[in-house]
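To start, the structure itself, in structure tokens.
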Amino acid sequence: MNLSFGINFFDAIVFDDFEDTTLLRYNRGFEISHIPPLERRRLSKAAKCAFDLTKEFKTLDIPVVFSSYAGEINRCFELEKTLAANELMSPTSFSLSVHNALSSLLSISMKNNSEISAISAFAPLEYALIEASLYFNEGVDKVLVIAYHEAIKQSYYMENSASCMAALIVSKGENLRLAKLEKQSKNDENLLIRFLQNFDPSKKSSWQSSDNSSTWQWDYEP
């Protein structure tokens, strides 16, 4: 399978503790002053990422594809702790724990009446782009793609990884090429971070990454 895309917009945020200096260019505070204070208070880090990355778009009426391996996994763990302690669960936290909650919040904020897809995949950006290409087959011109990884940060297990989110608006084009190949190498620990380590919208680049079943060939030319 070979796909190609035009890149109309790209931005990313990396947060939480990390040691990889190649990711420092994506490390910054969340800029969400455009969100009303009452709404801002209940936003998770994932939601703050999404609203920061899309802040230049007051309205945006195109399909949205949200993809993440485990979504807001730490919120889910906290809900489980609440249940285990036989305490009352927060209705707001529960309603925002579902996999498509974040893309729905964005669509409400941006008055987006187009379709939303929510995907769970170990290779989140790769499968999100496959989904975006299917929209192109239906005559859609542009798709907002959001890929997210949240590192597990619990007392009994601390994932030695950054949390990150990438947002792209893609269209039909030739800037970014993605090929799904037979598996050629061992699994990458985090495919979204590998993308951010290698992708620079101003530079030509090529690299590979691998999940459980496939190797992905990336080629980019500005």
Side-chain angles (χ1 to χ4, degrees), residues 1-14 22-23 25-26 28 31 46 49-69 100 102-107 109-149 164-181 188 190-211 214-222:
M1 180 178 62
N2 295 277
L3 303 173
S4 61
F5 304 89
I7 305 297
N8 300 89
F9 169 83
F10 168 77
D11 198 1
I13 294 181
V14 175
T22 64
L23 300 174
R25 64 185 183 274
Y26 298 119
R28 66 173 189 263
E31 172 48 59
C49 277
F51 279 102
D52 178 299
L53 293 174
T54 58
K55 61 183 176 291
E56 70 177 71
F57 307 107
K58 292 184 178 180
T59 59
L60 193 67
D61 196 7
I62 59 175
V64 178
V65 179
F66 172 75
S67 183
S68 176
Y69 182 48
N100 64 344
L102 192 152
S103 50
S104 299
L105 287 174
L106 272 182
S107 291
S109 175
M110 295 190 294
K111 300 178 176 59
N112 188 353
N113 296 309
S114 297
E115 295 179 52
I116 298 171
S117 298
I119 298 170
S120 175
F122 186 72
L125 185 54
E126 289 83 347
Y127 282 99
L129 289 172
I130 292 175
E131 180 75 7
S133 71
L134 298 178
Y135 280 114
F136 296 154
N137 294 339
E138 297 175 1
V140 171
D141 294 324
K142 296 179 181 179
V143 178
L144 171 62
V145 170
I146 297 175
Y148 178 62
H149 171 76
C164 57
M165 180 179 287
L168 304 86
I169 294 180
V170 296
S171 59
K172 291 183 178 180
E174 301 295 330
N175 298 103
L176 182 66
R177 295 179 178 272
L178 177 63
K180 186 179 182 183
L181 311 173
D188 285 288
N190 188 310
L191 276 76
L192 182 55
I193 286 180
R194 180 152 177 79
F195 174 85
L196 294 177
Q197 289 169 333
N198 287 275
F199 180 75
D200 183 330
S202 65
K203 298 179 181 178
K204 183 178 180 179
S205 56
S206 296
W207 71 95
Q208 288 187 339
S209 55
S210 294
D211 61 14
S214 306
T215 291
W216 304 85
Q217 174 66 45
W218 293 90
D219 296 288
Y220 174 74
E221 187 166 353

Seminar exercise, completed: Rounding to 0.5 Å, atoms CD (Glu126) and OG (Ser214) come to a distance of 9.5 Å

For this session: Would you check if Leu178 and Gln217 make a side-chain contact, meaning some heavy-atom pair closer than 4.5 Å?
Result: no

For this session: Calculate, to the nearest 0.5 Å, the distance between atoms OG and CG belonging to Ser209 and Leu191 respectively.
Result: 4.5 Å

Exercise. With a 3.5 Å cut-off and no angle check, do the side chains of Glu131 and Ser117 form a donor-acceptor pair?
Worked result: yes

Exercise. Which is it for Lys203 and Glu221 under the side-chain contact (heavy atoms from CB on, under 4.5 Å) test, yes or no, and what are the steps along the way?
Worked result: CA-CA 7 Å; Lys203 298 179 181 178; Glu221 187 166 353; over 6 Å; no

Seminar exercise, completed: In this structure, OG1 of Thr54 is separated from CE of Met110 (nearest 0.5 Å) by 5.0 Å

For this session: Answer yes or no: is there a side-chain heavy-atom contact under 4.5 Å between Val170 and Leu176?
Result: no

In residues 56-66, what donor-acceptor pairs under 3.5 Å come from side-chain atoms, sequence neighbours left out?
| unit_1 | atom_1 | unit_2 | atom_2 | d |
| --- | --- | --- | --- | --- |
| Asp61 | OD1 | Asn113 | N | 3.0 |
| Asp61 | OD1 | Ser114 | N | 3.2 |
| Asp61 | OD1 | Ser114 | OG | 2.8 |

Exercise. Would you say Arg177 and Asn2 make side-chain contact, with heavy atoms under 4.5 Å?
Worked result: no

Exercise. Are Lys142 and Lys172 side-chain neighbours, meaning at least one heavy-atom pair lies under 4.5 Å?
Worked result: no

Exercise. Can you check whether Ile13 reaches Cys164 side chain to side chain, under 4.5 Å on heavy atoms?
Worked result: no

For this session: Answer yes or no: is there an ion pair linking Asp52 with Arg28, defined by an N-O contact shorter than 4.0 Å?
Result: yes

Exercise. Quick one: does Ser67's side chain have a donor or acceptor within less than 3.5 Å of a partner on Pro124's backbone?
Worked result: yes

Problem set entry | Residue pair Val143 / Ile169, side-chain heavy-atom distance below 4.5 Å | no

Problem set entry | Heavy-atom closest contact (Ser210 atom, Thr215 atom, distance) | OG-OG1, 2.8 Å

Seminar exercise, completed: Closest heavy-atom pair, Ile146 versus Ala167, reported as atoms and distance to 0.1 Å, is CG1-CB, 4.4 Å

Exercise. When the aromatic ring centroids of Phe10 and Phe199 are compared, is their separation below 6.0 Å?
Worked result: yes

Exercise. Does the side chain of Ser171 come under 3.5 Å of the side chain of Asn8 through a donor N or O and an acceptor N or O?
Worked result: yes

Exercise. Would Ser133 and Phe5 satisfy side-chain contact (heavy atoms from CB on, under 4.5 Å), going step by step from the backbone distance to the final call?
Worked result: CA-CA 8 Å; Ser133 71; Phe5 304 89; 4.3 Å; yes

Exercise. Hey, mind stepping through Ser109 and Phe51 against side-chain contact (heavy atoms from CB on, under 4.5 Å) and telling me if it holds?
Worked result: CA-CA 9 Å; Ser109 175; Phe51 279 102; 3.5 Å; yes

Exercise. Would Asp219 and Ser206 count as having a side-chain donor-acceptor pair, cut-off 3.5 Å?
Worked result: yes

Seminar exercise, completed: Between Pro222 and Asn175, the two heavy atoms sitting closest are C-ND2, 3.6 Å

Problem set entry | Atom pair CZ (Arg25) and CG (Leu196), whose distance is rounded to the nearest 0.5 Å | 7.5 Å

For this session: Check whether the side chains of Ser120 and Tyr127 place a donor and an acceptor atom closer than 3.5 Å, and report yes or no.
Result: no

Exercise. What distance do Ile119 atom CD1 and Ile130 atom CD1 have between them, rounded to the nearest 0.5 Å?
Worked result: 8.5 Å

For this session: May I ask you to decide whether Asp211 forms a salt bridge with Lys180, counting only side-chain N to carboxylate O separations under 4.0 Å?
Result: no

Exercise. Does Tyr220 reach the main-chain N or O of Pro201 with its side chain, forming a donor-acceptor pair under 3.5 Å?
Worked result: yes

Exercise. Could you state the interatomic distance from CG (Leu129) to CH2 (Trp216), rounded to the nearest 0.5 Å?
Worked result: 9.0 Å

Exercise. Can you check whether Tyr148's main-chain N or O pairs, donor with acceptor, with Ser68's side chain at less than 3.5 Å?
Worked result: yes

Seminar exercise, completed: Which of Leu53, Leu125, Leu144, Asp11 passes side-chain contact (heavy atoms from CB on, under 4.5 Å) with Leu168? It is Leu125

Exercise. So do the side chains of Leu181 and Met1 get within less than 4.5 Å of each other, counting heavy atoms only?
Worked result: no

For this session: Please list all pairs passing the side chain to side chain donor-acceptor pair (under 3.5 Å) test where one or both residues lie in residues 190-200, with sequence neighbours left out.
Result: Asp20-Gln197, His149-Asn190, Asp200-Ser202

